Each structure stands twice: as C-alpha cells, then as structure tokens.
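All ligand and atom numbering here is 1-based and tracks the order in the structure. The shown structure was predicted, so the numbers you read here are calculated from the model rather than taken from an experiment.
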Amino acid sequence: MPKSILAVNAGSSSVKITFYTLENPPRTIADASISGITAPPPTLKYQKGDKKHKEEVKEKLSTPQDTFKYLLQRCFSDPDLSEVASVDDLEYICHRVVHGGDYRDAVEINDETLDRLKGLEDLAPLHNFSALEIVRLCRVELPKVRSITFFDSAFHQTIPEAVRTYPINQEIAKANGLRKYGFHGISYSFILRSVAQFLNKPIEKTNLVVLHIGSGASICAIKDGKSVDTSMGLTPLAGLPGATRSGSIDPSLVFHYTNEAGKLSPASTSEMHISTAEDILNKQSGWKALTGTTDFSQIAVENPPSKAHKLAFDIFVDRIQGYIGSYYVKLNGELDGVVFAGGIGEKSALLRRTLVDKCQCLGLAIDDVANDKGPGDEETVKDISKGSSKGPRVLVCQTNEQFEMAYHCACSRS
Ligand SMILES: Nc1ncnc2c1ncn2[C@@H]1O[C@H](COP(=O)(O)OP(=O)(O)O)[C@@H](O)[C@H]1O
Ligand SMILES: CC(=O)OP(=O)(O)O
Ligand SMILES: [Mg+2]
C-alpha cells in the first residue's frame, strides 16, 4: 500500500487533521477535526469524499495530545478508510507551528530542532504549546514516521528591517528576539500561489493585499510575491481583533486594566506560563468580551441582535479598512487584488460588501450577486469584482493550511 501524509493543524480550541496521498500534488483522503475543546462539549467533524459526519464527543479531551490521539484512533478504526488503517501507512506528519522564530523554512524534527523549538515556546506559549505537545507525542508514539514542522512566521521573513523592528533598545530586542514576526504564513503561501495561478501571473510579479480573517485575524501586503508587511507582530496578538483577542491596543492599557497584569494567570500550567495580561488580551477580549459570542456569524448580520454586536462589527471593519488603506499606499497603489480568506473572509458576504464599499476610493468594486453566492465547494479562488471595475480585483480564496503543508512535503520529496 502506498504511504500517506498526515497534516495536523492544532489551534488553541481545535485540532484538525487531514490525510493525503503521497504524490505531487497530494490528494485528500480524509479530513477530521475536533473543535470546541475549550468550550465543551467538543464536536467531531469527519469527511471522506462525499461522506460527512458530525457528532458530539462524549470522552473528556482535556489536552491537545488526547484530542489528536482520539482523532487518529477514529480514523484508523474506520473500516471505510482502508488507505490509512494504522501508523504503518504514514510516511510523514506535517505540523503547523505558529511561531518559528528565525526559521525561514520547514524543518524536520530531531533532537536538535526540537530543542530549538522548545526555546521558542517561551516566546509564544499560547500559540505553540498545543502543536509542540503533539510533535512530542508523535516522537514517542510514532517514532518511525518523519515529523516536519511548518511555521506560520516563515513566510514573513522577507519583511524589511524598518518594518519588523520595534523602536526599543536594540540590544534588548536582539537578545530576546523582540521583533515583528507575523503569522498565518502557511495560509498566505497557499493563497499567493492559488491567486497568482488564477490571475495567470508569475508569483514573483504578483502584488496583493490578503486578509486571513478567522477566529484569529491578520492582513498581509505582498509585493512581487513577498510579504512586505503584516498586521500581527511578535505574537499573534498584535493588529486586528479576533474571537477572543483584543488586537493592537495602547500597551499602557494593560496596567490600567489590572494591577495583577504581570502575575501568572490561573490559566498557566506547570509546563505553560502565561501572565494575567496575556491571558486577558488573548483569551478574554475580542468578540467574546464585546458580545459574549466568539462566533462572528452571529455578529455579521444585517440586523444585529444588540448594539454590542453592531459595535463589534464596526470595530472590525474600521481596523481592517485602516490596514487596507495603509497597505495600498505601501504597495504604491500597484496591486492586482484584495483577497478575502479565512472562516469570516470566505463566508461573510456582508463583511466583504461593507469593506469594499468603504474602500471605493481605491477603485474596489464588488458584484453583489457573485459576492452573495460566494465560492462553490470546489472553487479555490473566486472573482467577485464588478465586471466593469478597472481597479484591483476583489477575490475570495478558500485557504487550506493542511494542503499547503502536504504540498510542500510532497514537492520537496519529488
Ligand atoms: N457565515 C459566516 N459569517 C461570518 N463569520 C463566519 C461565518 N461562518 C463562519 N464564520 C466564522 O469564522 C470563524 C472561524 O474561522 P476559521 O478560519 O475556520 O477559524 P480558525 O481561526 O479557528 O482556524 C469563526 O469566528 C466563525 O464564526
Ligand atoms: C496565528 C493565529 O492566530 O492562528 P489562528 O488564527 O489559527 O488562531
Ligand atoms: Mg486558523
């Protein structure tokens, strides 16, 4: 039986896994995910071809490792999934790791790289912990399968010095790795390749402003196929607000909010230390703090259920509009398109329409019918610009971080 690739995308509240054939390009065999780990009961979603299944998980899944093991076991024990019946059918496991520090490329896990990644965990405990717990588990329980880690930050290594440097003491900045890194890069890499192909342009001549907006949200300016700026910074907290994140705020706010800011948060564990301020701004802010829900589909509605929902929507629109304006100028107005991606970008026609209306002065215009319809299941990129528009294209891209990892894994092998 030919071997396969398993791609793992472990987030703070979900673990998604996808099995692919080991060929170039890889073909999806099956997809499984568990979401709602932090807001039980967790939900399992499973898809193989046209067969879709969703159920509440009864077992207690308190760690990313438990969740990953549960998903793997479910897939291995499915009689319809004969392609991946056991660990012997796997050649590679690709892991999405959010913070990769100075890494420019994916790395294969061995004692040395795992040690280096351990150092990064302190810089981004909230974001790297789940993924690295799963990497460690795979080392112990699936030692024959090669683990490759892909970093969200790697795509942004091209950001110029003046953009990535914080104006603080540079000795301290260098010693502690304090600079803008940027994230969602695995997704941006998928989007860039897919959109360049769609526009029939070479990647190195493609200029885009891309919005990856899901429960974590960021935006990226791409010039000649390279990231030149992005809204997230040292950690994914900077920039746009998200489901539970504040996004950029005046840093002094922290000390006015609570005088416990620097103390360890009760959410810390013996392996993961986070301060009270980090916990508040990362996990108790954003849509959740404003409206009580983390689900943007309840906020992005024509008639919002409360003033707070309307305010949350308006805040998001305001912050994104600011970045689009700034990046348009940084790209000298020479952009091929503005791309909407991520759960919200792909699904909310209302947010896309509102933003495009607010950015009319840049020549953006939308076709309402195409926008309302959105992309079909098999449509990776859809053009929703108004036919007569001479401005940059307005596009929706259904991003796929798992595929991007499997694709690079298969490419580097062939
Ligand atoms: N129709 C919709 N309108 C607005 N937001 C939506 C819609 N459908 C899903 N979303 C939002 O997309 C977000 C999840 O995005 P996704 O990129 O899948 O998540 P993650 O950041 O966890 O990877 C959630 O906040 C969800 O509410
Ligand atoms: C980097 C980041 O914010 O990731 P996610 O959107 O998956 O939370
Ligand atoms: Mg995501």
Side-chain angles (χ1 to χ4, degrees), residues 7-16 18 31 33-39 43 45 64 95-100 123-124 126-131 150-156 180-188 190-191 210-220 230-247 281-283 285-288 290-302 304 309 312-313 316-317 340-355 371-375 396-405:
V8 187
N9 185 350
S12 40
S13 69
S14 68
V15 178
K16 303 174 193 166
T18 309
D31 230 343
S33 69
I34 289 185
S35 54
I37 304 166
T38 45
T43 311
K45 280 192 201 153
H95 304 263
R96 174 182 174 225
V97 174
V98 168
H99 211 309
L123 203 57
L126 271 170
H127 305 281
N128 277 14
F129 181 72
S130 306
F150 289 78
F151 304 110
D152 254 13
S153 47
F155 184 77
H156 302 292
K180 177 184 280 217
Y181 290 91
F183 305 97
H184 289 141
I186 299 170
S187 172
Y188 288 130
F190 176 90
I191 295 166
V210 184
L211 290 80
H212 176 110
I213 47 180
S215 31
S218 75
I219 177 162
C220 181
T230 190
S231 56
M232 287 179 170
L234 170 68
T235 75
L237 181 59
L240 298 172
T244 60
R245 289 178 214 163
S246 63
L281 297 176
N282 278 285
K283 297 197 159 172
S285 300
W287 323 137
K288 187 175 165 190
L290 291 170
T291 67
T293 179
T294 53
D295 182 358
F296 205 76
S297 67
Q298 294 181 29
I299 295 168
V301 287
E302 296 284 356
H309 286 72
F313 185 80
F316 202 35
V317 169
F340 288 89
I344 302 173
E346 291 162 33
K347 299 209 184 76
S348 180
L350 179 65
L351 185 86
R352 294 193 295 256
R353 175 159 41 83
T354 310
L355 271 166
N371 180 45
D372 286 345
K373 200 157 163 250
V396 183
C397 178
Q398 305 201 71
T399 189
N400 192 335
E401 289 154 321
Q402 283 102 289
F403 177 84
E404 189 62 14
M405 294 189 283

Item to check | Test item, M232 contacting ligand 2 (heavy atom, 4.0 angstrom) | outcome: yes

Item to check | F296: partners by ring pair (Phe, Tyr, Trp, His ring centres under 6.0 Å), with sequence neighbours left out | outcome: W287, F316

Next on the checklist: For the residue pair D295 / S297, report whether a side-chain donor-acceptor contact shorter than 3.5 Å exists.
Outcome noted: yes

Next on the checklist: Check for me whether R96 has a heavy atom closer than 4.0 Å to any atom of ligand 2.
Outcome noted: yes

Item to check | Contact partition for R245 relative to ligand 2, non-hydrogen atoms under 4.0 Å | outcome: side chain

Next on the checklist: Can a side-chain donor-acceptor contact be found between N371 and R353 if the only test is distance below 3.5 angstrom?
Outcome noted: no

Checklist entry - So between A217, G342, G343, A300, whose heavy atom ends up nearest atom 16 (P) of ligand 1? => result G343

Next on the checklist: Can you tell me if H212 contacts ligand 2 (heavy atom of the residue under 4.0 Å from the ligand)?
Outcome noted: no

Item to check | Contact partition for K16 relative to ligand 1, non-hydrogen atoms under 4.0 Å | outcome: side chain

Next on the checklist: Below a 4.0 angstrom heavy-atom separation, can you tell me which part of N9, side chain or backbone, both or neither, approaches ligand 1?
Outcome noted: neither

Checklist entry - Side chain, backbone, both or neither: which part of N9 has a heavy atom under 4.0 Å from ligand 2? => result neither

Checklist entry - Just going by heavy-atom distances, which of A341, S297, G374 is nearest to atom 4 (C) of ligand 1? => result S297

Next on the checklist: Tell me whether the rings of H184 and H212 are parallel (<30°), tilted (30 to 60°) or perpendicular (>60°).
Outcome noted: parallel

